[in-house]
Protein chains: 2
Amino acid sequence: MTTRISKKEEILDVAESMIRTSGYNGFSTRDIAISVGIKAASVHYHFPKKSDIGVAVTERYTEHFIQSLGEPASFKDKQHAPLATYIQVFRNALIKDRKLCLCAVLGAETGGLPLDITAKTKIFFERNMEWLRSSFIAAFDIPAKAAQKKAALVLSSLEGGLILSTSMQDDQLFEDVADSLIELMSLK
Amino acid sequence: MTTRISKKEEILDVAESMIRTSGYNGFSTRDIAISVGIKAASVHYHFPKKSDIGVAVTERYTEHFIQSLGEPASFKDKQHAPLATYIQVFRNALIKDRKLCLCAVLGAETGGLPLDITAKTKIFFERNMEWLRSSFIAAFDIPAKAAQKKAALVLSSLEGGLILSTSMQDDQLFEDVADSLIELMSLK
DNA sequence: GTCTATAATTTGATAGAC
DNA sequence: GTCTATCAAATTATAGAC
């Protein structure tokens with residue numbers, strides 16, 4: 001006897017999928033209703049405004065994403081570990097989900113979004129940068145500024161790599177980005 | 001006596017700006033009309049369907065972008081030249097335009113776009129990858145596969161860097177990405 | 001919690017006058 | 001080439017019954 005997830009969670013699941021595929025302005029509350037199997041009015045019962053869905057999806061996505069990375073401190077002196085872990089999370093998005101990172105999509109639409117959603121998107125990137133910085137400091141024992149630069153390159157290139165790979169319909173392009181990162185960062 | 005640009009060009013200018021700010025689904029043909037100073041019906045005279053605007057903008061953007069890069073062959077044996085040139089074009093988008101790359105935005109919305117627009121977006125990335133590959137082969141005298149990997153990293157990280165920098169409201173993040181690329185690529 | 005019904009607005013697009 | 005007028009459909013959202 002499996003526990004059924006609530007309609008509220010189902011709405012978030014569908015919304016996350018739709019944003020990661022078509023962007024926040026690429027679907028309607030009615031689209032969500034149809035996909036969940038309820039009426040649009042019922043969607044508004046759980047989330048009065050569409051932007052409430054966007055905010056909730058982004059918060060939940062951020063928590064799941066950071067949790068899936070594990071503890072930065074555990075990479076002490078293990079130089080390859082944090083990058084390998086990080087690449088795998090993005091590879092799963094591309095290969096298993098066949099979708100982009102939620103916040104890369106929202107970041108690309110920034111000017112067309114409600115402000116409460118852009119605020120949550122910013123937090124996603126800040127928390128990921130923090131994870132990468134502290135992981136690189138633990139793994140490589142390098143100064144904060146060097147870790148910041150590495151983190152900026154890794155996060156930017158993997159977010160961009162997902163977009164390029166998807167747009168070009170070429171999974172190998174993502175692997176080329178990953179290979180480049182691994183090769184170049186073990187040299188430095 | 002300066003030559004006035006046509007309304008058709010003005011529509012493309014405004015549409016390009018709006019897509020790069022809010023995404024293709026983040027504005028209406030009426031928004032364009034207001035910004036150009038005509039009525040929505042007049043926009044449809046120049047471009048019958050909204051997607052015709054998207055296709056025309058993407059084609060024009062691609063041509064301008066590639067032209068601004070110059071000839072790849074001119075970088076023969078000049079190792080720093082192609083990367084410096086490429087970074088500067090993206091830096092201009094961030095600092096001068098205060099906008100993302102058109103095709104990064106369209107790439108992020110892929111699933112919610114008319115197919116003729118996604119086709120043009122794909123061509124943008126293909127032509128940029130080709131420019132980078134041939135530039136790196138000329139500059140570094142390296143095998144095609146090594147050039148492909150470098151090109152994938154450079155294009156992905158600069159596209160992603162623009163998105164992160166904009167979303168985080170932190171121009172320095174883009175410079176961190178650029179510094180990382182320059183440092184790591186001159187070592188390899 | 002979900003439904004029907006409805007409303008105000010927006011959107012993409014067309015017809016036809018000037 | 002631009003306008004007024006118009007439209008059908010979609011979109012976000014609310015009121016109130018069950």
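Lettering of chains follows the sequences in order, A, B, ..., and the numbering in each one begins at 1.
Residues from residues 11-27 of chain A placing a heavy atom under 4.0 Å of any atom in DNA chain C do not occur.
Protein atom CG of A:Asp31 is 13 Å distant from nucleotide atom C1' of D:dA9, rounded to whole Å. A straight line from CD1 of A:Ile34 to P of D:dA10 spans 10 Å, rounded to a whole angstrom. A straight line from CD1 of A:Ile32 to C1' of C:dG1 spans 17 Å, rounded to a whole angstrom. We find that CD1 of B:Ile38 is positioned 12 Å from P of D:dT4, with the value rounded to whole Å.
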Kindly list each side-chain donor-acceptor pair under 3.5 angstrom involving residues 33-46 of chain B, sequence neighbours excluded, with atom names and distances?
| from | atom 1 | to | atom 2 | distance (Å) |
| --- | --- | --- | --- | --- |
| B:His44 | ND1 | B:Pro48 | O | 2.8 |

Name the atoms and distances for all side-chain donor-acceptor pairs under 3.5 Å in residues 135-143 of chain B, with sequence neighbours left out.
| from | atom 1 | to | atom 2 | distance (Å) |
| --- | --- | --- | --- | --- |
| B:Ser135 | OG | B:Trp131 | O | 2.8 |

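Here A:Asp170 pairs with A:Met168, A:Gln172, A:Leu173 under the side chain to side chain contact (heavy atoms under 4.5 Å, CB included) rule; sequence neighbours left out. With sequence neighbours excluded, the residues that form a side chain to side chain donor-acceptor pair (under 3.5 Å) with A:Gln88 are A:Arg91, A:Asn92.
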Practice problem: Starting at the 5' end of nucleotides 13-18 of chain D, put B wherever the base has a protein heavy atom under 4.0 Å, S where only the sugar-phosphate does, and a dash everywhere else. | Solution: BBB---
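Among the nucleotides D:dC3, D:dG1, C:dT11, the one closest to any side-chain atom of B:His46 is D:dG1.
Looking at heavy-atom distances under 4.0 Å, B:Ser42 makes contact with a base.
Note on B:Tyr45: a side-chain N or O is less than 4.0 Å away from OP1 or OP2 of D:dG1.
A:Tyr24 and B:Asn25 share no side-chain donor-acceptor pair at under 3.5 Å.
In B:Lys145, the NZ atom is crowded: over 12 heavy atoms of neighbouring residues, nucleotides or ligands sit closer than 6.0 Å.
The pair A:Glu130-A:Arg127 fails the salt-bridge criterion, with no side-chain N (NZ, NE, NH1 or NH2) lying under 4.0 Å from an Asp/Glu carboxylate O.
Within the model, atoms CG of A:Leu164 and CE of B:Met129 stand 7.5 Å from one another, a figure rounded to the nearest 0.5 Å.
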